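What follows is a short report on a single structure.
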Amino acid sequence: MYPPSRKTEAYRWAMGWAMLACALAWGVVEFLALQRARWQLWRERLHTPAHH
């Protein structure tokens, strides 16, 4: 009835690593989005005159 335990263990490890890789990729995407937003703000501040 149950699958062999070695297969289940390998599946569990694969799922764990896949979740970790997904979380890492999501973190990188979020980090790049944050950096892009900060860069855009910096660029706008650089090109707008300080005194109006």
Side-chain angles (χ1 to χ4, degrees):
M1 227 150 105
Y2 295 106
S5 105
R6 260 179 31 207
K7 202 173 199 178
T8 308
E9 190 66 25
Y11 181 74
R12 189 176 294 145
W13 271 98
M15 287 302 289
W17 280 109
M19 282 174 46
L20 188 65
C22 227
L24 189 63
W26 185 261
V28 168
V29 167
E30 287 292 322
F31 177 74
L32 291 176
L34 177 67
Q35 292 301 100
R36 184 173 184 263
R38 288 179 64 196
W39 182 77
Q40 283 177 339
L41 279 173
W42 175 80
R43 206 178 80 184
E44 283 174 12
R45 214 174 355 163
L46 189 69
H47 290 300
T48 35
H51 46 77
H52 291 217

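Computed from a prediction, not measured in an experiment: that's the story for all the values here. For this chain, numbers begin at 1 and follow the sequence in order.
Cluster membership for Leu20 and Trp13, using ILVMFWY side-chain heavy atoms within less than 4.5 angstrom, is shared.
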How far apart are the C-alpha atoms of Arg12 and Met15, what are their side-chain angles, what is the distance that settles it, and do they pass the side chain to side chain contact (heavy atoms under 4.5 Å, CB included) test? CA-CA 5 Å; Arg12 189 176 294 145; Met15 287 302 289; 5.8 Å; no

Sequence neighbours excluded and cut-off under 3.5 Å, please list the side-chain donor-acceptor pairs for residues 24-36, or say none.
{"from": "Gln35", "atom 1": "OE1", "to": "Arg38", "atom 2": "NH1", "distance (Å)": "3.4"}

